[in-house]
Amino acid sequence: MRFLPTGEQSDFARTLRGLLDASQVPAAVRAWGAGDHGPGRALWSRLAGTGLCALAADEAHGDLGGLGPLPVELALGFVELGRAGVPGPVVETAAAAVLLSELARLGEEGPAKRFLPGLVAGEALATLTLPGGGPYALDADAAAYCFTVSAAGGLRLAGGGEGGPLRSTDPARRLSRPAPDGEPLATGPRVLAAARTALDWARLLTAAQCLGVGEALLASTVRYVKQRTQFGTPIGGFQAVKHRLADTLLALEFARPLVWAAALGLTPWEVAAAKLAAGEAAYAAAMTALQLHGAVGYTEELDLSLWLRKARPLRDAWGSPSACREAVLGELKG
Amino acid sequence: MRFLPTGEQSDFARTLRGLLDASQVPAAVRAWGAGDHGPGRALWSRLAGTGLCALAADEAHGDLGGLGPLPVELALGFVELGRAGVPGPVVETAAAAVLLSELARLGEEGPAKRFLPGLVAGEALATLTLPGGGPYALDADAAAYCFTVSAAGGLRLAGGGEGGPLRSTDPARRLSRPAPDGEPLATGPRVLAAARTALDWARLLTAAQCLGVGEALLASTVRYVKQRTQFGTPIGGFQAVKHRLADTLLALEFARPLVWAAALGLTPWEVAAAKLAAGEAAYAAAMTALQLHGAVGYTEELDLSLWLRKARPLRDAWGSPSACREAVLGELKG
Amino acid sequence: MDLTHAPEVAAFRAEARAWLAAHVPDSPLPSLETAEGFAAHRAWEARLHADRWSAVSWPAEYGGRGVDIERWLVFEEEYWAAGAPGRVSQNGISLLAPTLFDHGSAEQRARVLPPMASGEVIWAQAWSEPESGSDLASLRSRAVRTGGGWLLSGQKTWSSRAAFADRAFGIFRTDPQAPKPHQGLTYLMFDLRAPGVTVRPIGRLDGKPAFAELFLDEVFVPDADVIGEPGQGWRIAMSTTGNERGLTLRSPGRFLAAAQRLRALWRAEGDPADTAARDRVADAVVGARAYELFTWAAASRFAAGERIGAESSLNKVFWSEYDIALHETALDLLGPDAELAEGAWAEPWVFSLAGPIYAGTNEIQRDIIAERLLGLPKGRR
Amino acid sequence: MDLTHAPEVAAFRAEARAWLAAHVPDSPLPSLETAEGFAAHRAWEARLHADRWSAVSWPAEYGGRGVDIERWLVFEEEYWAAGAPGRVSQNGISLLAPTLFDHGSAEQRARVLPPMASGEVIWAQAWSEPESGSDLASLRSRAVRTGGGWLLSGQKTWSSRAAFADRAFGIFRTDPQAPKPHQGLTYLMFDLRAPGVTVRPIGRLDGKPAFAELFLDEVFVPDADVIGEPGQGWRIAMSTTGNERGLTLRSPGRFLAAAQRLRALWRAEGDPADTAARDRVADAVVGARAYELFTWAAASRFAAGERIGAESSLNKVFWSEYDIALHETALDLLGPDAELAEGAWAEPWVFSLAGPIYAGTNEIQRDIIAERLLGLPKGRR
């Protein structure tokens with residue numbers, strides 16, 4: 001029992017944080033939102049260089065580049081991605097790697113051999129839809145591959161989506177409804193089993209990302225209220241401001257160990273609990289950040305907006321609070 | 001359109017308030033809780049002297065003493081009863097008067113003739129259970145009559161309850177489950193119709209009582225935080241304290257017009273809305289009062305406790321928040 | 001106590017309803033935070049004004065109908081229930097016009113009000129400055145005396161509508177030597193197209209230029225465009241701020257209509273067995289009714305000659321937090337479609353998020369409630 | 001990162017579970033806030049102590065098992081899961097004992113700890129005074145030097161358990177001339193039955209005498225009952241307060257057991273279609289797990305040699321508000337039975353309501369979080 005990141009795990013997160021701090025992520029997010037995926041792709045490729053994406057893939061298939069599955073390391077990494085605001089289908093790419101890797105583990109190796117090496121190496125981004133997830137694929141226009149798994153267990157490589165991509169309230173997200181056809185890759189109960197695992201990973205990594213988003217929002221807001229003065233005093237000295245930020249920290253600090261435990265155990269109810277807590281904490285952090293920044297927080301000009309706009313879609317992605325609450329009690333019934 | 005109490009209505013409320021201010025109600029509440037109903041009964045009789053209980057009874061039966069139905073006046077009166085903390089089955093006595101009066105209006109005059117004059121005159125207290133209400137009769141041990149209406153529409157004068165009365169978390173309330181037998185008084189659809197009306201009145205008057213309870217809690221707490229000093233300053237100067245009290249006032253002030261409108265129209269959804277808002281506002285006021293008084297608020301020694309303990313049972317009596325929310329949308333469907 | 005309208009009021013309601021049914025566009029206008037939408041909304045104002053529905057409470061001489069507050073609230077109820085467009089002239093009608101009625105000259109009213117009501121001149125407010133948000137008394141933009149008028153210099157920000165509007169109003173420091181920061185301020189109107197004015201639109205969270213920064217460099221304002229006496233700007237502005245926070249900014253009709261739309265969404269998208277969603281929809285319905293009734297009570301007091309003072313802070317906190325909760329409920333009902341930028345609820349949700357910030361942050365409002373309504377000690381501010 | 005226990009810990013858990021299964025009373029003891037219940041709980045402490053389960057983390061010489069924090073938390077989990085009685089010796093074990101370990105003499109530990117663990121001597125705390133609740137530095141009760149000891153005079157209040165307890169501990173002003181209010185205070189133990197002590201029980205909201213006022217009139221305390229150096233009381237007390245706010249007051253086992261009971265109630269009473277209730281039960285389950293995991297992380301840091309400082313304020317705010325929400329959910333599930341005083345949830349609900357008040361109000365805790373964990377400016381305090 002030592003419920004803390006190991007030295008190695010902390011080092012890995014620190015490496016990612018250093019890389020991201022040096023990478024001008026906000027500019028990449030704005031470019032991504034404007035339809036220029038270049039800086040975001042380059043960032044992803046540098047991240048993949050740390051082995052990030054390989055953590056999602058089973059090392060049993062050594063020739064495919066997998067180093068995992070190492071969900072704890074991956075989750076700690078996704079906290080950093082959230083904190084830095086990394087754009088793109090990063091959760092989806094990792095979940096696709098899990099899907100392919102898990103399918104290979106269950107004996108269906110073809111799709112993994114074809115797609116996994118590129119994903120693990122960071123050469124390609126992927127997106128996907130899964131049973132139990134929403135109908136939209138994130139950033140299919142930026143992804144090399146869009147996978148779909150039907151409720152009946154058909155895995156396909158989807159072609160272009162129906163209609164153009166739809167804008168999200170977060171300009172750095174674009175949604176499309178994958179066409180139900182496309183190239184069939186595999187089918188059957190193994191696909192469904194792998195999809196269930198991939199869904200749990202997607203939910204876990206979104207939770208981790210939410211935690212990082214919330215941390216970034218809190219940190220920016222704490223900085224701001226210390227320097228912004230009104231009525232001759234820093235607004236961070238007002239008790240209403242202090243208490244609201246205290247509550248923000250509280251929610252994040254109690255979500256964090258849920259994310260860790262979900263990564264350790266990957267049991268569906270714990271993953272749902274982590275997503276619920278981290279998603280709500282991040283959204284509440286966004287509302288606090290907005291209120292305490294005042295009008296300037298309500299503009300797209302401040303980089304703060306990049307995280308503010310992410311918080312609500314991530315709260316709902318791969319499991320809304322209501323769906324997560326249902327999952328928490330569903331498994332614990334009896 | 002003049003959505004304010006008339007001069008007469010305000011005068012009536014002021015008269016009641018004056019009477020109650022002069023009546024040492026807290027001592028009557030403590031006696032009531034200790035099983036001595038004398039002071040509470042005397043108080044009720046003085047209140048009835050203002051015509052309070054007659055407001056619930058139809059004046060069409062002039063010989064029975066009714067002055068009503070005047071639900072607005074009665075609701076304004078019950079705000080005062082709540083503010084003063086009047087003990088006993090006061091809502092229930094008024095609802096019983098409504099039940100009997102309404103039954104008489106529908107052609108079934110026997111029970112009204114027998115019981116109504118005593119209730120209107122304040123000589124007797126009554127309690128009751130109704131379809132759609134809870135299974136317990138309040139303070140049956142202190143009431144001269146305990147009426148029951150079965151789901152099938154049987155009105156009875158219940159005998160002693162099954163077992164002794166049960167203690168409530170509010171010592172000034174005692175609950176008992178009326179025996180299903182007892183003397184039959186009337187039966188049929190007219191009873192059910194009258195019971196539905198009585199239920200709405202019970203809910204309305206409980207909402208009004210909640211509003212008064214919340215006002216009393218707020219007023220006591222505002223007084224307290226102005227004089228209690230810690231760290232060399234009145235705690236009412238701390239922004240966290242100020243904002244919490246501002247929220248308490250807000251909730252009460254927005255519940256108030258709902259109570260007024262419910263009294264004016266007596267439509268079930270508006271009565272439910274009023275009960276929901278006033279019940280939640282009063283309970284929140286209690287939690288605020290407790291927290292801001294600190295340890296001294298947590299004792300039974302302060303008179304504050306008389307209102308603190310009332311808030312939660314009243315929030316749930318004659319319609320829990322959940323039941324009220326259902327009623328709000330139930331009626332508005334389609 | 002009475003919640004029914006007299007027959008004349010009911011007739012007025014019927015007239016308004018009939019006009020709206022005949023004139024409200026079938027499909028929503030484009031967002032008024034775009035150039036195209038701004039023009040469309042301006043045209044709608046002209047349509048309203050042509051039949052004297054643009055500012056019903058104004059005297060007939062300025063294009064109104066001289067109706068009382070009861071009828072004004074009835075009109076607003078009908079207006080929003082009919083799904084009519086947002087009001088691009090709102091800043092002028094609800095902030096500047098009351099100031100002109102109280103403090104302006106007859107000449108100013110005659111000159112300014114009719115084109116305001118017709119949408120020919122759209123007004124932006126110019127209150128805040130970069131270092132003066134909640135703390136309005138610390139304003140630094142100045143107006144310096146010159147022949148026949150004043151020269152404005154400085155910077156204003158969060159000027160709603162200024163990206164596309166024609167004129168603006170605000171307060172400027174005319175006496176930097178005044179002993180207290182509230183003194184020596186003057187209330188002025190100026191042209192956004194005048195020489196020396198630079199308008200820099202600022203994108204809202206959803207990218208739309210809902211407000212702008214104004215850079216002012218010796219912008220000439222004739223004496224005719226000073227409202228009230230020079231040096232009295234703070235007092236005059238505070239009466240406008242009171243308006244902004246009070247009844248006139250958010251009429252109950254908006255929330256009644258929004259709650260109605262939410263109920264329709266719930267019936268269409270909601271699972272009737274989902275009591276968690278049901279409870280939130282019920283709260284929205286109850287909240288809209290509470291706000292409506294609170295407003296009727298306030299209007300009744302107002303009609304009886306009382307002044308509405310710090311109670312308007314209760315109003316502001318209530319509607320702004322109510323509005324967010326209502327829109328969040330809608331988003332939750334929509335599920336994965338909630339995040340679609342083109343969805344019917346996305347822009348109103350973003351709009352709702354500004355509520356607790358503008359027109360006096362809710363933190364300030366709660367201080368006011370505690371200090372002025374409950375008599376608690378003043379804090380540092 | 002690891003959440004599994006070593007085999008030795010699992011064996012310890014099994015031993016505790018077996019002992020508890022064999023010894024926990026079949027039906028709940030009477031409320032420990034009554035004379036009868038107090039005696040029954042005291043007897044239970046003796047039973048625990050006889051098999052060295054009363055204070056498992058203490059060294060064996062004082063009746064403990066010298067277990068580390070991991071095993072202590074495991075024991076607590078088993079203890080509450082088994083439905084074992086509340087701990088009447090808790091004030092002594094969690095507040096006084098850590099102080100004695102850090103600041104007491106060997107003689108004091110040998111004399112005080114074993115009868116504390118056995119329930120032979122039950123300790124009450126005597127911190128607050130009528131004018132000193134959150135503001136402990138303003139204490140006025142005094143201890144005056146006399147031959148071989150001190151004479152205590154003054155008034156203490158909110159002394160938990162004092163209605164039936166044997167001894168008490170607290171801080172007293174020994175140097176009224178000290179330049180700052182935090183100085184000149186001394187930490188003492190005294191006998192509640194000594195001459196000069198008057199104990200006036202105070203009824204809690206439910207009427208039970210859960211605490212008392214203490215009137216002290218020249219109560220003699222021998223030097224042997226001074227803890228640490230005279231004048232160091234504030235520093236010593238702050239370390240105890242840290243304990244009170246931190247890990248030792250509310251172990252996760254209590255909330256895991258309570259959430260488990262709530263889930264059982266929901267299955268028994270709840271309508272499975274009622275998602276509003278379901279959501280609140282889910283939140284209780286998630287909250288208990290979050291609190292457990294937060295504690296494991298803190299325990300891991302503690303085991304690694306870190307000190308737990310202001311983080312304990314996060315802990316306090318979380319559990320106290322969690323506890324109320326959990327009990328309110330239970331009451332809502334119970335419907336009309338919720339208000340029955342004899343119901344299984346009524347007394348725990350009343351108990352939960354004190355959480356945000358005692359051991360430092362949550363207002364103070366949030367100030368601490370903001371100032372010490374987030375580095376925000378100190379307010380007036």
Side-chain angles (χ1 to χ4, degrees), chain A residues 1-6 9-10 72-73 75-76 218-219 221-223 225-226 233-239 241-251 253-265 269-270 272-274 276-277 280 321-322 324-330 332-334, chain D residues 1-6 9 68-71 73-74 260 263 266-267 272 275 278-283 285-287 289-301 303-304 306 311 313-315 317-318 321-322 362-363 365-371 373-381:
Chain A
M1 155 70 66
R2 188 179 176 282
F3 189 51
L4 290 174
T6 62
Q9 288 165 343
S10 298
V72 173
E73 284 73 7
L76 293 174
L218 174 61
T221 309
V222 166
R223 264 196 313 275
V225 302
K226 284 181 187 171
T233 179
I235 62 172
F238 289 104
Q239 201 180 25
V241 171
K242 289 161 76 165
H243 284 199
R244 193 150 175 186
L245 289 169
D247 284 335
T248 305
L249 180 68
L250 186 84
E253 290 306 320
F254 279 89
R256 185 187 315 284
L258 287 168
V259 172
W260 290 356
L264 269 178
W269 89 265
E270 294 222 84
L276 169 64
E280 294 285 33
S322 175
C324 288
R325 287 189 173 102
E326 187 175 8
V328 163
L329 285 182
L332 292 175
K333 256 177 205 155
Chain D
M1 193 185 290
D2 181 17
L3 259 176
T4 56
H5 300 293
V9 179
D68 59 9
I69 192 166
E70 179 180 354
R71 286 177 180 79
L73 287 166
V74 162
Q260 187 61 38
R263 240 170 61 205
W266 175 60
R267 282 198 302 269
T275 52
R278 180 206 71 191
D279 282 0
R280 293 168 69 193
V281 174
D283 286 346
V285 169
V286 171
R289 179 67 170 159
Y291 186 69
E292 179 195 9
L293 293 166
F294 183 90
T295 306
W296 283 122
S300 301
R301 293 215 314 280
E306 280 185 49
E311 295 88 340
S313 292
L314 290 171
N315 207 333
V317 172
F318 186 89
E321 298 186 355
Y322 170 84
N362 284 11
E363 285 79 9
Q365 304 292 355
R366 285 190 166 89
D367 282 351
I368 293 173
I369 293 167
E371 291 168 14
L373 298 179
L374 296 175
L376 295 176
K378 269 214 160 218
R380 328 175 287 191
R381 230 190 320 126

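Just so it is clear, the structure is predicted and the values come from calculations on it, not from any experiment. First the proteins, then the strands, lettered A, B, ... as listed; each starts at 1.
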#### Entry: Sequence-distant partners of D:R366, side chain to side chain contact (heavy atoms under 4.5 Å, CB included), two or more places apart
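Applying side chain to side chain contact (heavy atoms under 4.5 Å, CB included) to D:R366 gives A:H243, A:A246, A:D247, D:V317, D:E321, D:N362.
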### Message
Restricting to side chain to side chain contact (heavy atoms under 4.5 Å, CB included), what partner residues turn up for D:A370, sequence neighbours left out?
### Response
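Side chain to side chain contact (heavy atoms under 4.5 Å, CB included) check on D:A370 returns A:K242, D:L376.
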### Criterion side-chain contact (heavy atoms from CB on, under 4.5 Å) on D:L314 and A:F254, from CA distance to verdict
CA-CA 9 Å; D:L314 290 171; A:F254 279 89; 4.2 Å; yes
Just verifying a value: how many Å separate [X] [atom1] and [Y] [atom2], rounded to the nearest 0.5 Å?
X      : Y      : atom1 : atom2 : result
A:R325 : D:R278 : CZ    : CZ    : 8.0 Å
A:L4   : D:E306 : CG    : CD    : 7.5 Å
A:L329 : D:D279 : CG    : CG    : 8.5 Å
A:F3   : D:F294 : CZ    : CZ    : 11.5 Å

### Query
After noting the C-alpha distance and the side-chain angles of D:L3 and A:M1, does the key distance pass the side-chain contact (heavy atoms from CB on, under 4.5 Å) rule?
CA-CA 5 Å; D:L3 259 176; A:M1 155 70 66; 4.0 Å; yes
### Task
Go through the atoms of D:E363 and report whether side chain, backbone, both or neither lie under 4.5 Å from a heavy atom of chain A.
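D:E363 touches chain A through backbone and side-chain heavy atoms alike.
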### Query
Checking D:V281 against chain A: side chain, backbone, both or neither under 4.5 Å from a heavy atom?
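Both backbone and side chain.
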### Message
With chain D as the partner, which of A:A263, A:A273, A:G265, A:A251 has the greatest number of non-hydrogen pairs under 4.5 Å?
### Response
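Among the listed options, the one with the most contacts to chain D is A:A273.
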### Query
Using a cut-off of under 4.5 Å for heavy-atom pairs, which of A:L218, A:L249, A:V72 has the most such pairs with chain D?
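That would be A:L249.
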### D:P377 to A:G236 - nearest heavy-atom pair and separation
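In terms of heavy atoms, the two residues are closest at CD-O, 3.4 Å.
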### Query
Taking D:A304, D:A282, D:G287 one by one, which has the highest count of heavy-atom pairs under 4.5 Å against chain A?
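The residue among D:A304, D:A282, D:G287 with the greatest pair count is D:A282.
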### Task
Pick whichever of D:V9, D:L293, D:D283, D:V286 has the most heavy-atom pairs under 4.5 Å with chain A.
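Going by pairs under 4.5 Å, I would pick D:L293.
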### Task
Under the side-chain contact (heavy atoms from CB on, under 4.5 Å) rule, what do D:M1 and A:S10 come out as? Steps first, then yes or no, please.
CA-CA 10 Å; D:M1 193 185 290; A:S10 298; over 6 Å; no
### Contact origin within A:E253 toward chain D - heavy atom pairs under 4.5 Å
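Both the backbone and the side chain of A:E253 come within 4.5 Å of chain D.
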### Task
Apply the test side-chain contact (heavy atoms from CB on, under 4.5 Å) to residues D:I369 and A:L245: give CA-CA distance (whole Å), side-chain angles for both, the deciding distance (0.1 Å), then the verdict.
CA-CA 9 Å; D:I369 293 167; A:L245 289 169; over 6 Å; no
